[in-house]
Asks: 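One structure, as structure tokens, below. Some questions next.
If you read the sequence from its start, that first residue is 1, and numbering goes on from there.
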Amino acid sequence: MLKKLVIALSLTLCSCLAAALPSSAQQQPDTHARPWWQSSVFYEIYPRSFADSNNDGVGDLNGITSKLDYLHELGVDAIWITPCFPSPQVDFGYDVSDYEAIDPMYGNLKDFDRLVSEAKKRNIRVILDFVVNHTSDQHKWFLDSRSSKTSKYRDWYIWRDGKGDQPPNNWQSEFGVPAWTFDKKTGQYYYNYFYPQQPDLNWRNPAVKDAMLDVTRFWYDRGVAGFRLDAVDTLFEDPNLADNPSAPGKDKFGRPNFARIHNTKLPEVHDVLQDLRKIADKYDAVLIGETWTKDIAELKNYYGEHSNELQMPMDLMFGSVNKLSAPEFRRQIAAVDTAGGWPVFVISNHDIVRSYNRYGDGVHNDQIAKLMASLYLTYGEELGMQNNNPKRKEDVKDPEGITGWPGEIGRDGERTPMQWSTAKNAGFSNAKPWLPVPPSYKTHNVEAEMKDPNSVLSVYRQLLTMRHKEPALVNGTYTALNEDDPNVLSYLRKDKDEAILVLLNMSSTPHKVKLNLEPVGYTSPKLSVLLSTFQQPASAGSAEALELPPFGALIAKVSK
Ligand code: NOJ
């Protein structure tokens with residue numbers, strides 16, 4: 001989704017999440033008839049933390065509308081707003097109690113319509129987050145469902161008898177709590193892959209599917225340009241409830257592991273994705289999936305055998321690379337380049353520790369942030385925002401952290417308020433924000449970074465401008481260079497006569513890069529620098545020996 005933001009390379013960008021690397025030209029032969037979402041930079045917005053217009057400490061839709069100029073100037077083409085629907089907020093919006101309204105804490109439908117129309121004036125599309133696997137336990141469907149064994153909506157959820165006084169089987173919830181919740185009223189258990197307040201919908205019931213497909217039409221008719229589909233891996237479960245086999249080790253909550261083969265990634269999910277896609281196509285909309293795949297083959301499946309499922313399944317394997325490593329990123333890019341679809345690299349999001357913390361070495365953090373920006377862009381990452389992890393259990397808001405403390409501290413750290421200025425609470429709100437801002441907001445905020453041509457934000461802005469100007473960054477083939485170099489990730493993006501070279505030093509020592517571009521058609525190439533994160537002459541001269549400082553990034557046009 002962001003492609004979070006794009007990367008210079010190949011990415012398409014998303015702000016939050018993911019950045020996408022464009023596929024190679026072999027896979028994308030017609031480079032000039034691209035659907036809008038391939039040339040768009042997507043930016044994730046976690047509405048609680050973006051901008052607070054009514055000073056209650058929590059962000060809202062009018063806050064987002066008030067920052068559209070900022071997003072437009074940054075170079076964003078689409079925003080993905082994480083759930084803003086009515087919700088008891090047990091999982092901060094991922095527990096939806098009404099799919100066709102806005103939670104009053106964020107505003108109302110009128111505010112939403114205004115946001116869409118103001119965004120449209122700035123050529124920004126709006127993508128919503130569709131929580132398809134489960135509802136809130138306060139949704140009217142579930143309230144009816146749990147009211148009696150014969151209620152109209154009983155079969156909209158997954159109810160089963162226990163085995164004596166034990167749950168129906170050994171499936172586990174993702175959040176460290178039991179996956180089956182006993183409901184005294186009817187004496188049965190319901191199934192919840194996440195929290196008990198998030199009962200799983202029964203997608204085998206055609207009425208559920210029809211109702212959920214209608215939800216997408218409701219929002220498309222209001223001008224929404226697509227959805228990020230939450231937790232698609234978990235839509236279906238084995239109807240016979242076979243126990244999952246055990247697997248080695250323990251999970252982050254200290255529970256024994258199981259291979260979740262009977263309750264995740266069942267083949268039926270593809271039928272649903274195809275149905276969602278048929279409707280999306282009628283509206284020229286995009287479907288982005290939260291897809292936790294273990295390998296490229298699984299990722300590939302999510303595009304659909306006939307490219308008729310998700311246009312952009314997120315490559316979350318990218319986000320699992322926790323150290324700067326040129327060989328590892330090279331391997332990841334090469335792998336996704338073979339998947340055949342439009343890649344979406346995810347480096348961070350509201351569930352993943354910020355890349356500033358994951359890759360920063362404490363000394364070159366801003367330099368590393370610019371380097372990673374040169375690989376793609378992300379949510380709030382355009383400022384070099386840091387995680388602000390809770391230090392005490394009593395401060396934790398995310399129930400996952402409350403359950404898992406201290407081994408699993410939850411996701412509060414990556415969800416702290418956007419840092420707009422040096423004003424109180426980083427200019428996010430006049431009231432105490434729902435999560436605390438880190439002290440680093442004094443240096444890392446929009447106002448200060450706009451004035452500093454060397455800031456992380458300035459580098460993002462240049463990269464985004466470049467991405468919109470240089471077709472090779474969107475359409476070009478990806479060719480890995482110097483594949484044995486353990487320190488510098490080097491590659492070429494080439495579209496017709498245009499070629500762009502990207503060099504990223506992922507190490508803490510300077511490195512000289514020698515390039516031989518002859519095999520790609522340049523016998524004595526000339527380089528003109530488009531962007532470098534360090535002092536570099538405007539013309540880098542020949543490609544024979546370029547020196548990159550620690551964590552330096554250089555992007556240059558190549559000509560004959
Ligand atoms: C994925 C979302 O990104 C996460 O924040 C949420 O807790 C789970 N899905 C459950 O909906």
Side-chain angles (χ1 to χ4, degrees), residues 87-88 90-91 94-97 131-205 207-208 212 230-269 272 290 292 398-405 407-408 410:
S87 160
V90 170
D91 191 18
Y94 283 95
D95 47 322
V96 177
S97 54
V131 186
V132 280
N133 176 68
H134 48 267
T135 68
S136 158
D137 64 347
Q138 299 307 307
H139 195 292
K140 65 181 183 204
W141 300 338
F142 189 73
L143 293 177
D144 175 86
S145 185
R146 80 187 319 175
S147 67
S148 99
K149 277 187 171 175
T150 55
S151 73
K152 178 171 170 209
Y153 290 91
R154 183 67 170 182
D155 192 37
W156 282 47
Y157 296 85
I158 299 163
W159 290 97
R160 292 289 192 282
D161 290 331
K163 285 184 183 159
D165 61 356
Q166 293 300 306
N169 67 13
N170 70 356
W171 296 350
Q172 293 179 326
S173 143
E174 178 66 21
F175 286 153
V177 291
W180 292 98
T181 303
F182 184 69
D183 200 50
K184 270 203 209 118
K185 176 136 201 214
T186 55
Q188 285 195 308
Y189 288 83
Y190 66 85
Y191 174 63
N192 50 274
Y193 187 81
F194 296 96
Y195 298 126
Q197 296 89 339
Q198 295 169 297
D200 274 48
L201 282 161
N202 175 15
W203 275 87
R204 296 184 189 279
N205 180 343
V208 168
M212 293 297 271
D230 184 64
V232 290
D233 301 331
T234 62
L235 275 197
F236 284 87
E237 303 76 30
D238 171 20
N240 300 318
L241 306 190
D243 276 341
N244 281 329
S246 56
K250 296 210 165 148
D251 70 10
K252 58 190 181 182
F253 301 101
R255 305 174 299 181
N257 278 326
F258 288 91
R260 298 182 184 180
I261 57 172
H262 295 303
N263 59 342
T264 65
K265 299 181 187 156
L266 267 61
E268 292 89 329
V269 73
V272 170
E290 190 204 13
W292 289 95
D398 181 4
E400 194 185 17
I402 297 170
T403 309
W405 191 272
E408 166 55 56

Asks: For Val177 and Thr403, what are the C-alpha separation, side-chain angles and deciding distance, and is it a side chain to side chain contact (heavy atoms under 4.5 Å, CB included)?
Replies: CA-CA 8 Å; Val177 291; Thr403 309; 4.2 Å; yes
Asks: Measuring only between side-chain heavy atoms, which start at C-beta, is Val269 closer than 4.5 Å to Asp233?
Replies: no
Asks: Are Tyr191 and Trp171, when compared by the centres of their aromatic rings, separated by less than 6.0 Å?
Replies: yes
Asks: Can you label the angle between the Trp203 ring and the Phe236 ring as parallel, tilted or perpendicular, going by 30° and 60°?
Replies: tilted
Asks: Residues in side chain to side chain contact (heavy atoms under 4.5 Å, CB included) with Gln172, at least two apart?
Replies: Asp251, Arg255, Phe258, Arg260
Asks: Any chance you could lay out the side chain to side chain contact (heavy atoms under 4.5 Å, CB included) test for Asp200 and Tyr157, step after step, and finish with the verdict?
Replies: CA-CA 6 Å; Asp200 274 48; Tyr157 296 85; 6.0 Å; no
Asks: How long is the gap from OH on Tyr190 to CD on Gln188, to the nearest 0.5 Å?
Replies: 13.0 Å
Asks: Ring pair (Phe, Tyr, Trp, His ring centres under 6.0 Å) with Phe194: which residues, sequence neighbours excluded?
Replies: His134, Phe175
Asks: When you check the side-chain N and O atoms of Asn244 and Asn263, is any donor under 3.5 Å from an acceptor?
Replies: yes
Asks: Please step through side chain to side chain contact (heavy atoms under 4.5 Å, CB included) for the pair Asp161 and Tyr189, ending with a clear verdict.
Replies: CA-CA 6 Å; Asp161 290 331; Tyr189 288 83; over 6 Å; no
Asks: Heavy-atom count check: over 12 atoms from other residues, nucleotides or ligands less than 6.0 Å from Lys252 NZ?
Replies: yes
Asks: Ignoring hydrogens, what is the shortest heavy-atom contact between Asn169 and Leu241? Give both atom names and the distance.
Replies: ND2-O, 3.2 Å
Asks: Output the distance between atom OG (Ser136) and atom CD (Gln198), rounded to the nearest 0.5 Å.
Replies: 8.0 Å
Asks: For residues Ser97 and Pro88, report the shortest heavy-atom separation together with the two atoms involved.
Replies: OG-CD, 4.1 Å
Asks: Test Gln138 against every option in Leu143, Val96, Val90, Asp95 by the side-chain contact (heavy atoms from CB on, under 4.5 Å) rule and name the one that passes.
Replies: Leu143
Asks: Is Glu237 salt-bridged to Arg204, cutoff N-O under 4.0 Å?
Replies: no
Asks: Find the distance between CG (Asn205) and OH (Tyr153) and round it off to the nearest 0.5 Å.
Replies: 10.5 Å
Asks: Give a yes or no on whether a salt bridge exists between Arg146 and Asp183, defined as a side-chain N under 4.0 angstrom from a carboxylate O.
Replies: yes
Asks: As a quick check of understanding, evaluate side chain to side chain contact (heavy atoms under 4.5 Å, CB included) for Glu400 and Tyr195, giving each step before the final call.
Replies: CA-CA 9 Å; Glu400 194 185 17; Tyr195 298 126; 3.5 Å; yes
Asks: Could you measure the distance from the NZ atom of Lys152 to the OG atom of Ser145? Nearest 0.5 Å is fine.
Replies: 12.0 Å
Asks: I'd like to check Trp156 versus Asn202 (side-chain heavy atoms, cut-off strictly below 4.5 Å). Are they in contact?
Replies: no
Asks: Compute whether any side-chain donor of one residue and acceptor of the other, for Gln197 and Asp91, lie under 3.5 angstrom apart.
Replies: no
Asks: Do you know the tightest heavy-atom contact between Pro167 and Trp180?
Replies: CB-CB, 3.8 Å
Asks: Does Asn170 reach the main-chain N or O of Asp243 with its side chain, forming a donor-acceptor pair under 3.5 Å?
Replies: no
Asks: Please report the shortest heavy-atom distance between Phe253 and Glu408, naming the atom on each side.
Replies: CE2-CG, 4.0 Å
Asks: Checking Asp144 against Ser151: is there a side-chain donor and acceptor pair closer than 3.5 Å?
Replies: yes
Asks: Taking the side chain as everything from C-beta on, heavy atoms only, tell me whether Asp230 gets closer than 4.5 Å to Asn133.
Replies: no
Asks: How close do Ala231 and Glu290 get, heavy atom to heavy atom, and via which atoms?
Replies: N-OE1, 2.7 Å
Asks: For the residue pair Asn192 and Ser173, what are the closest heavy atoms and their distance?
Replies: O-CB, 3.8 Å
